[in-house]
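For clarity, every value in this text was computed on a predicted model and none was experimentally measured. For reference, positions follow the sequence shown, starting with 1.
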Amino acid sequence: QNDTEPIVLEGKCLVVCDSSPSADGAITSSLGISVRSGSAKVAFSATRSTNHEPSEMSNRTMTIYFDQVLVNIGNHFDLASSIFVAPRKGIYSFSFHVVKVYNRQTIQVSLMQNGYPVISAFAGDQDVTREAASNGVLLHMEREDKVHLKLERGNLMGGWKYSTFSGFLVFPL
């Protein structure tokens, strides 16, 4: 008996016979074909509520840690490590916004994919105390690819949740 409703894939109806749902939400047929429904969604948004000053950290990798998750659909953003892990191959959108703490300082933040910088943003006006740096990108990611933010230089403002990091799956490939 098949309790699975037909799946619509790019406007075409796909019927799966003798199927059983797997732990990751895919449906595997008796022919070994795995089809994932469009209902699995991936999105996160995190904030930092305290300043980020490297002199107070034992963090040699300079990962920017976030202390509050606003959204974590799918639970693929790990708050403790502040790393997002892609659950599947696809196109993902990421954005970040950070604010420097002091004037006469420059901040630079990089979005890292699997340990390599992909995009960066900086704020370096010497006369402005609360200057912001922001950037966003679409990335082609494989399953298990990792993304996090790295503080290349400077100190970040945290109070009032000025520093944010967000991402979501645009579409699977």
Can you check whether [X] reaches [Y] side chain to side chain, under 4.5 Å on heavy atoms?
X	Y	value
L149	M112	no
V147	M141	yes
S82	I64	no
Q113	L139	yes

[atom1]-[atom2] distance between [X] and [Y], expressed to the nearest 0.5 angstrom:
X	Y	atom1	atom2	value
L70	F165	CG	CZ	13.0 Å
L111	Y116	CG	OH	15.5 Å
F168	I91	CZ	CD1	11.5 Å

Are the side chain of [X] and the backbone N or O of [Y] linked by a donor-acceptor pair below 3.5 Å?
X	Y	result
T164	F96	no
R153	Q108	no
R48	Y65	yes

**Item:** ILVMFWY cluster, V98 and V118 together (side-chain gap under 4.5 Å)
**Value:**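 They do share one cluster, since a chain of ILVMFWY contacts under 4.5 Å joins V98 to V118.
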
**Asked** Would you say I119 and I83 are hydrophobically clustered, going by side-chain heavy atoms of ILVMFWY under 4.5 Å?
**Response**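 No, it is not one cluster - the side chains of I119 and I83 are not joined through contacts under 4.5 Å.
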
**Request:** Kindly determine whether V69 and F77 satisfy side chain to side chain contact (heavy atoms under 4.5 Å, CB included), including the steps that lead there.
**Result:** CA-CA 9 Å; V69 171; F77 180 78; 4.0 Å; yes

To check you understand the geometry: which heavy-atom pair defines the closest contact between [X] and [Y], and what is its length?
X	Y	value
R88	P172	CD-CB, 3.6 Å
A123	A132	CB-O, 3.7 Å
F66	S163	CE2-O, 3.8 Å
Q68	L79	N-CD1, 3.9 Å
L138	S93	CD2-CB, 3.7 Å

**Request:** Name all residues meeting the side chain to side chain contact (heavy atoms under 4.5 Å, CB included) criterion together with E142; count only those two or more places apart in sequence or in a different chain, and write none if there are none.
**Result:** K89, H140, D145

**Prompt:** Quick one: ring-ring contact (aromatic ring centres under 6.0 Å, His included) partners of F84, sequence neighbours excluded?
**Reply:**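 Once residues adjacent in sequence are excluded, the partners of F84 under the ring-ring contact (aromatic ring centres under 6.0 Å, His included) criterion are F44, Y92, F94.
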
**Request:** Could you list all the side chain to side chain donor-acceptor pair (under 3.5 Å) pairs where at least one residue sits in residues 71-80, not counting sequence neighbours?
**Result:** D78-S81

**Asked** Going through the distances and angles, do V109 and K150 end up as a side chain to side chain contact (heavy atoms under 4.5 Å, CB included)?
**Response** CA-CA 6 Å; V109 172; K150 177 180 180 183; over 6 Å; no

